[in-house]
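Read the structure below first, then the notes.
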2 protein chains.
Amino acid sequence: MKIATWNVNSIRTRLQHVVDWLIQNPIDVLCMQETKVIDDNFPRSPFEELGYHIYLSGQKSYNGVAIVSLQPLQNISTSFTSILPEVSPEFDEQKRVITGVINGMRIVNLYVPNGSAVGSEKYEYKLRWLAMLREYLQTLLASTPNICMCGDFNIALEDKDIHEKANPENHIMASEPERQALRDILTLGFADAFRKFTSEGGYYSWWDYRAASFRRNLGWRIDHHYLTPNLYELAKSCTIDIVPRKLTQPSDHVPVILEL
Amino acid sequence: MKIATWNVNSIRTRLQHVVDWLIQNPIDVLCMQETKVIDDNFPRSPFEELGYHIYLSGQKSYNGVAIVSLQPLQNISTSFTSILPEVSPEFDEQKRVITGVINGMRIVNLYVPNGSAVGSEKYEYKLRWLAMLREYLQTLLASTPNICMCGDFNIALEDKDIHEKANPENHIMASEPERQALRDILTLGFADAFRKFTSEGGYYSWWDYRAASFRRNLGWRIDHHYLTPNLYELAKSCTIDIVPRKLTQPSDHVPVILEL
DNA sequence: GTCCTGGTGG
DNA sequence: CCACCAGGAC
């Protein structure tokens with residue numbers, strides 16, 4: 001089966017790109033981020049016409065995550081507090097997580113905070129959010145040991161995931177505290193599916209809209225699939241499809257496809 | 001020769017429609033209104049590639065007029081105060097007039113204020129603007145007796161220029177003070193080119209974007225060519241091309257074409 | 001650069 | 001309904 005993750009940067013603006021891509025690419029589960037729409041206004045029918053079940057956690061303007069799946073998902077959850085009652089309700093105000101179970105595997109679709117600039121208030125929120133996420137995943141793992149966690153992590157763990165013109169040191173999405181927070185999560189038992197198949201750098205999933213970044217290939221690999229051991233063993237491929245970034249009015253991110 | 005007037009409602013948004021229309025329609029002079037762009041940002045090259053000279057009086061966001069002409073124009077003017085030094089400078093803040101001479105004929109391209117609602121401050125401005133326009137034209141006529149005045153007048157002079165569902169009485173664009181102000185201008189020696197050839201009603205040049213007005217043909221004829229006697233005699237046809245209103249993302253106005 | 005909102009203008 | 005802006009986010 002194929003599980004893809006794609007930060008679509010507004011599902012309403014990108015609807016035709018996403019639908020066309022799904023028609024061209026046989027995807028079982030598509031995890032989207034930055035849908036930027038409340039659930040009532042999500043464009044359901046184009047996905048339903050392709051046979052997808054739809055699971056949503058959206059808000060106005062910002063954030064918002066969605067999963068569309070050919071098979072139905074069980075045990076959907078869209079909040080942190082329902083899994084971790086003691087956690088601050090601030091983490092559920094922004095819609096950044098949706099999870100459900102398919103074939104005994106839990107899919108966790110995440111939109112990690114961007115963090116703005118190192119040292120900013122939003123940066124501190126990102127680090128607190130990642131610490132909270134660790135607790136959340138620990139709880140989930142206790143009941144479902146097989147987890148495919150994917151989404152826009154807004155973190156590049158290695159310098160080879162970042163184009164050469166950037167200086168990763170103290171850069172948002174590359175700073176050591178962010179990387180450490182993500183590594184602390186992975187030590188729960190997750191591994192990067194992409195790195196099972198590809199060890200070289202120069203593969204990117206996001207290019208800033210500004211400064212002609214895509215034309216100059218100044219990208220970052222910040223969209224990931226992290227798998228628990230059994231799933232990692234099963235992984236058959238993990239690839240980045242840069243074609244949709246070449247269309248007119250593209251998302252700044254491209255889809256990453258995991259095959260299990 | 002053919003002289004067309006078209007309120008394009010943003011030349012940048014409508015560029016492809018206008019260029020395609022010019023390629024399909026052999027127009028010598030196109031007068032545009034509501035270009036909504038400062039002169040530095042006007043998309044010059046598509047017109048230049050078609051062989052047009054370009055004359056501009058634009059502003060940010062609102063209003064803005066332009067003439068493109070296969071032959072060059074002489075004696076361009078884009079202000080009221082330069083013709084009528086005693087007039088209030090408020091009338092030059094909004095870019096609503098551009099005029100130039102071709103073959104001894106002066107073309108005056110106008111975007112008359114909309115007036116918002118009868119009795120409003122904008123309505124009073126419209127009436128003052130029209131009174132000022134009369135003086136302006138009187139001055140122009142003294143040096144150039146042959147004038148083709150065209151543009152978006154935001155006035156329908158007769159009830160048959162307005163769809164049946166509207167109640168013209170005290171309606172903006174149809175109120176008696178507006179009509180009288182326009183008639184006072186026409187008594188300087190102008191006649192409606194369209195009415196030389198067509199006496200029936202039901203011909204419209206503008207349909208509101210709202211309420212599916214075009215589909216229901218709830219239109220108004222508010223875009224006109226007014227000609228001085230010699231030119232009126234020479235007029236060969238005056239037609240409205242509603243085809244561009246059927247395209248996707250159309251202007252709410254369509255071109256009106258005068259043939260001399 | 002491209003997206004969103006909320007506001008104005010029509 | 002459609003276009004513009006400013007301001008914020010990324």
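Every chain is numbered from 1 and lettered A, B, ... according to where its sequence line falls, protein lines coming before strand lines. Hydrogens, waters and symmetry mates are skipped; everything else that's a heavy atom, side chains included, is used.
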On DNA chain C, more 5' by nearest nucleotide between B/Tyr111 and A/Pro250 is A/Pro250

By nearest-nucleotide position on DNA chain C, the 5'-leaning member of A/Arg12 and A/Ala211 is A/Ala211

Name the first nucleotide and the last nucleotide along DNA chain C (5' to 3') that come under 4.0 Å of a heavy atom in chain B.
-> C/dG9 to C/dG10

Which residues pass the side chain to side chain donor-acceptor pair (under 3.5 Å) test with [X], not counting sequence neighbours?
X	result
B/Asn217	B/Trp207
B/Thr13	B/Ser10
A/Thr35	none

Could you name each residue pair satisfying salt bridge (Lys or Arg N to Asp or Glu O under 4.0 Å) that touches residues 3-18 of chain A, not counting sequence neighbours?
-> none

How would you list all residue pairs meeting salt bridge (Lys or Arg N to Asp or Glu O under 4.0 Å) that involve residues 110-131 of chain A, not counting sequence neighbours?
-> A/Glu90-A/Arg128, A/Lys126-A/Glu178

On DNA chain D, which is the earliest and which the latest nucleotide, 5' to 3', with an atom closer than 4.0 Å to a heavy atom of chain B?
-> D/dC1 to D/dA6

Mind checking what makes salt bridge (charged side-chain N to carboxylate O under 4.0 Å, His left out) contact with B/Asp159, not counting sequence neighbours?
-> B/Arg179

For B/Asp161, what residues pass the salt bridge (charged side-chain N to carboxylate O under 4.0 Å, His left out) criterion, not counting sequence neighbours?
-> B/Arg195, B/Arg221

Within the structure shown, what part of the strands sits under 4.0 Å from A/Gln249 by heavy-atom distance: base, sugar-phosphate, or nothing?
-> sugar-phosphate

Taking 4.0 angstrom as the limit, do B/Glu34 and B/Arg96 come out as a salt bridge?
-> no

